[in-house]
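Accompanying notes for the structure given below.
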Amino acid sequence: MKEKVRVRFAPSPTGPLHIGGVRTALFNYLYAKKHKGVFILRVEDTDQNRYVEGAEQYIIDALDWCGIPYDEGPGKNGGYGPYRQSERKHLYEKYAQELVDKGKAYYAFDTSEKLDQHRKDHEAKGKTFIYNWHNRLKLDNSLSLLPEEVKKRLDDGVDYVIRFLTPPDETLHLKDTIRGAIEIDSNTLDDKVLFKSDGMPTYHLANIVDDHLMEISHVIRGEEWLPSLALHQQLYDAFGWDAPEFAHLPLILKPTGNGKLSKRDGEKGGFPIFPLEWNTAAGYREAGYFPEAVINFLALLGWNPGTEQELFRLDELVEAFSLDRVNKSGARFDPDKTVWYNHQYLQNQPDEELTSLFMPILKEHVYLGLDRLSNTDIQTGTQPDKVQKVVSLIKERANFVSDFWELSDYFYVAPKSYNEKAVKKQWKEGTPDVLNQLVSFLETIEDFSSENLETQTKQWITDQELSFGKVMPPLRLVLVGDMKGPHLFDIMGLIGKAESIGRINRAVASIG
């Protein structure tokens, strides 16, 4: 390990950040913080044809929302910038030329048309065209041409690319922190293009040069880059540089476990696939997830803490995280489990915080349905202190703050209809008389608090020699419209005496 831990998250700004990318950023962040290191954001925007306006800012905003901001990167220069590859393009040609001068790379003048012709010819023979040791001397490059011809073409400005010279007949011994020792036969590798005819580097060259110049100690990236490990290690060797430690993270799989999770899976399954909204696709933020819940479930996709613990604060994740507990096999994405995580985090939020999140939703519903509100007492029930009491009663049944209105609407709007099944079961021949008697009793109660109501009402039921089953279920039905909700006397205490009696009277008149 290098003395100072420096890791980087290096996305391309070609669209929104997939949650798989967020997990890669998270694992880099956790490793850096665990070892008192530096977490870097490097924007790999060399492919200007695929550049999407707004994508870079989206990546930054997503990391900030998730609570894993970068230490160095665009706008945060730590002395290793610039952090956009498009602003570093003047660096790469020098390093490509260095490899040519060392005999580790070569000029290739093959046109796209010629290469396409070779590919089609191979396909016709049932073969795959690979530009490497077995045919490079038959192709149009500085290895097959005389030095004078090469110089003339360069002087005349003939288009060329620079390819890496993969040595034949070697067994490459590679090491991956997660996957262990890997051996590769160099004869199976192609001579990758390092520098393009448009004067821009390919990902491979830029990646290695930037990691070296930024003193990256560990490259923690997705499994899809594992096939590039052989070339990258060879490039480090060719330059004579010490390579960082590599760790390739397992894929996040579809809910079925079959194949890599994609945007289409989210659309089909009705769950987010991006941290924040992108165009018409909702993100986890817009779906009502707490960022801490998102980070928690992502951390456990492919990493095992070695204990039964499932809920982790970010500082606990930092403390517990290690690369040697990252799995080799893919991690199946479970949408139901993500909801479970959000439910856990919602339950642990202070009621005051939940109330502030619910207030805009409540006010919107109250405003839209102002004419349906039962009385002034209910309208004043939208005051934060009263809303907080409601939130404390209903939050246990909620997965998201957006669930609160459906769980609490009867606190603000009297029922206009009653659950048919509940009416058939709870509304007996003598129910209206019992409820009328109850109204007469409730009118005598001055202290309409939940505690006093419960004590007085239960005593009244006993004194009248009634069963609780004859009073309590139909009372809930007429107050709520259904057999749901928290403690009945808590509901009555919050909606008030006038509203409680009014709802009972309206139900008796309506149901009969």
Side-chain angles (χ1 to χ4, degrees), residues 65 67 284-294 296 311 313-314 339-416 442 445-457 472 475-504:
W65 180 75
Y284 277 91
R285 180 178 65 184
E286 291 71 28
Y289 282 81
F290 294 102
E292 299 88 350
V294 174
N296 198 152
L311 298 176
R313 297 188 312 271
L314 185 58
V339 173
W340 179 86
Y341 271 106
N342 206 67
H343 176 83
Q344 303 304 316
Y345 275 85
L346 187 148
Q347 304 313 311
N348 290 323
Q349 293 292 320
D351 290 345
E352 186 177 0
E353 175 66 21
L354 293 175
T355 299
S356 68
L357 295 172
F358 180 42
M359 285 299 288
I361 301 171
L362 177 60
K363 287 180 178 178
E364 182 181 350
H365 281 285
V366 168
Y367 175 78
L368 292 174
L370 204 56
D371 59 325
R372 299 186 293 119
L373 292 178
S374 304
N375 59 26
T376 306
D377 288 340
I378 302 300
Q379 293 179 37
T380 58
T382 60
Q383 294 170 352
D385 60 331
K386 293 188 177 181
V387 175
Q388 186 167 320
K389 292 177 181 176
V390 172
V391 166
S392 70
L393 294 175
I394 55 94
K395 71 173 188 177
E396 184 181 342
R397 299 164 181 81
N399 294 319
F400 302 94
V401 173
S402 57
D403 297 335
F404 283 4
W405 172 252
E406 186 177 347
L407 291 169
S408 68
D409 58 352
Y410 50 84
F411 281 101
Y412 307 100
V413 182
K416 297 294 188 252
L442 293 175
I445 298 180
E446 294 296 327
D447 178 4
F448 219 73
S449 66
S450 175
E451 296 81 0
N452 187 58
L453 269 173
E454 183 170 3
T455 301
Q456 298 276 13
T457 304
M472 301 303 287
L475 179 57
R476 180 177 293 279
L477 177 63
V478 300
L479 293 176
V480 177
D482 205 339
M483 304 307 294
K484 66 179 184 180
H487 189 55
L488 188 55
F489 296 107
D490 286 343
I491 297 174
M492 294 175 71
L494 279 168
I495 67 175
K497 180 175 178 177
E499 179 64 18
S500 295
I501 291 173
R503 291 188 185 187
I504 297 170

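Note that the structure is predicted; figures quoted are calculated from it, not measured. Start at 1 with the first residue, then count along the sequence.
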Looking at CE of M472 and CE of M483, how far apart are the two atoms once the value is rounded to the nearest 0.5 Å?
9.5 Å

Report the distance from atom CG of L488 to atom CG of L475, rounding to the nearest 0.5 Å.
4.5 Å

Of all the heavy-atom pairs spanning S408 and I394, show the shortest one and how long it is.
CB-CG1, 4.3 Å

With side chains defined as the heavy atoms from C-beta onward, is the minimum distance between L346 and D403 less than 4.5 Å?
no

Quick check: does any side chain N or O of N452 sit under 3.5 Å from a backbone N or O of F448, one acting as donor and the other as acceptor?
no

Taking the six-membered ring for Trp, is the centroid-to-centroid distance between F290 and Y345 below 6.0 Å?
no

Quick one: are F358 and E353 in side-chain contact, heavy atoms under 4.5 Å?
no

Taking CD in E286 as the centre, count heavy atoms belonging to other residues, nucleotides or ligands within less than 6.0 Å. Is the count above 12?
yes

Crowding at CD, E352 (>12 non-hydrogen neighbours, <6.0 Å)
no

Below 4.5 Å, heavy atoms only, C-beta onward: do Y410 and K484 meet side chain to side chain?
yes

Heavy-atom check, side chain of F404 versus side chain of V390, under 4.5 Å
no

Of all heavy-atom pairs linking L354 and V401, the shortest is CD2-CG2, 4.1 Å

Do N342 and V294 have side chains that approach each other closer than 4.5 Å (heavy atoms only, starting at C-beta)?
no

Could you report the tightest heavy-atom contact between I361 and S402, atom names first, then the distance?
CD1-CA, 4.1 Å

Between S450 and D490, is any side-chain donor less than 3.5 angstrom from a side-chain acceptor?
yes

Compare every heavy atom of R476 with every heavy atom of H487, then report the nearest pair and how far apart it is.
C-NH2, 4.1 Å

According to side-chain hydrogen bond (donor to acceptor under 3.5 Å, both in side chains), who are the partners of Y289, at least two apart in sequence or on a separate chain?
T338

Students often mix this up, so state it plainly: with edges at 30° and 60°, are the rings of W405 and Y412 parallel, tilted or perpendicular?
parallel

Check whether any side-chain heavy atom of L453 lies under 4.5 Å from a side-chain heavy atom of L442, and answer yes or no.
yes

Distance-only, no hydrogens or angles: does the Q347 side chain make a donor-acceptor pair with backbone N or O of A398 under 3.5 Å?
yes

Gap between atom CD of E499 and atom CD1 of I491 - 0.5 Å precision:
12.0 Å

Please give me the minimum heavy-atom distance between G288 and F400, naming the atom from each residue.
O-CD2, 3.4 Å

Sub-4.5 Å side-chain heavy-atom contact between Y284 and P291
no

Hey, are the side chains of I495 and R503 touching, using non-hydrogen atoms and a 4.5 Å cut-off?
yes

Hey, does the side chain of K497 reach the backbone of I445 with a donor-acceptor pair shorter than 3.5 angstrom?
yes

Any idea which heavy atoms bring S392 and D351 closest together, and the distance?
CB-OD2, 3.3 Å

